[in-house]
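Report on the structure given below.
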Amino acid sequence: MGAVPRWLLRHRIRIEPYVGNSAYGPLYGPEAQVRGFVDEAVREVRSPTGEVVVSTATLIIRRGVTCPPRSRVTLPSGRRTLVIGDADRNGGGLPTPDHQEVSCE
C-alpha cells in the first residue's frame, strides 16, 4: 500500500522540531506545516526514558517528518503541546499504510 493516502490526512499541524537547550530555555528549529490526522484522546504511553506518561493527542503523519521528543506542536484547534515520543509504523512491504505516529502531552 505504501504511505497513508493524502485524503486521510485531514488536519494541518505545525511542528517546531526540538534541537536542544540554551541558557534561556529550549531551542526549536524552523516551523514546518504538515498534513496529518489528529486523534485527541487520553491514553498512557511510554516516554523515551521509560516512564509511563499521559498523552492527550496522537498524530498520524507521513514518514520522514522531523519530530523528535520535546518538539513543539500546534494542533488545528490552536492548542500547543509537546511531543512525548514518536514511532515509525512501517509495514515492511505488507499492504498497510506506512506512517509516523507521534504522541503528544
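The basis for the numbers below is simple: all heavy atoms, side chains too, and nothing from hydrogens, waters or symmetry mates.
- A 6.0 Å sphere centred on CD of Glu44 holds no more than 12 heavy atoms belonging to other residues, nucleotides or ligands.
- Between Ser47 and Thr49, the shortest heavy-atom distance links the atoms OG-OG1, 2.9 Å.
- The shortest distance between side-chain heavy atoms of Glu101 and Ile60 falls below 4.5 Å.
- The distance from atom CZ of Arg14 to atom CZ of Arg80, rounded to the nearest 0.5 Å, is 7.0 Å.
- Proximity of Arg62 to Arg6: side-chain heavy atoms (C-beta onward) are separated by under 4.5 Å at one or more points.
- Each of Phe37 and Ile13 belongs to its own hydrophobic cluster when Ile, Leu, Val, Met, Phe, Trp and Tyr are linked at side-chain heavy-atom distances under 4.5 angstrom.
- Cluster partners of Val45, using a side-chain heavy-atom cutoff of under 4.5 Å among ILVMFWY residues and allowing indirect links, are Val53, Ile84.
- When each of Arg10, His11, Glu40 is checked for a side chain to side chain contact (heavy atoms under 4.5 Å, CB included) with Pro76, only His11 meets the rule.
- As a member of the Ile/Leu/Val/Met/Phe/Trp/Tyr network built from side-chain separations under 4.5 Å, Tyr18 groups with Tyr28, Leu82.
- The minimum heavy-atom distance between Leu59 and Cys104, with the atom names listed, is CD1-SG, 3.9 Å.
- Thr56 contributes a side-chain N or O that, together with a main-chain N or O of Glu105, makes up a donor-acceptor pair within less than 3.5 Å.
- With values rounded to the nearest 0.5 angstrom, Arg89 atom CZ is found 11.5 Å from Arg63 atom CZ.
- Considering every non-hydrogen atom in both Ser103 and Ser55, the closest pair reads CB-OG, 3.9 Å.
- Linking Ile, Leu, Val, Met, Phe, Trp and Tyr whenever their side-chain heavy atoms come within less than 4.5 Å leaves Ile61 and Leu9 in two separate clusters.
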Inset, instruction - Go through the steps to decide whether Arg70 and Asn21 satisfy the test side chain to side chain contact (heavy atoms under 4.5 Å, CB included), and finish with yes or no. - result: CA-CA 11 Å; Arg70 300 174 69 185; Asn21 275 319; 3.7 Å; yes
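- The shortest side-chain heavy-atom distance between Arg35 and Arg12 falls under the 4.5 Å cut-off.
- Residues Pro69 and Pro48 approach most closely at CG-CG, 3.6 Å, considering heavy atoms.
- Here the side chain of Asn90 pairs no donor or acceptor atom with the backbone of Asp98 at under 3.5 angstrom.
- Val83 is connected to Val34 through a chain of hydrophobic side-chain contacts under 4.5 Å among Ile, Leu, Val, Met, Phe, Trp and Tyr, so both are in one cluster.
- Put simply, Val65 and Leu75 are part of the same group of oily side chains (I, L, V, M, F, W, Y) that touch within less than 4.5 Å, one to the next.
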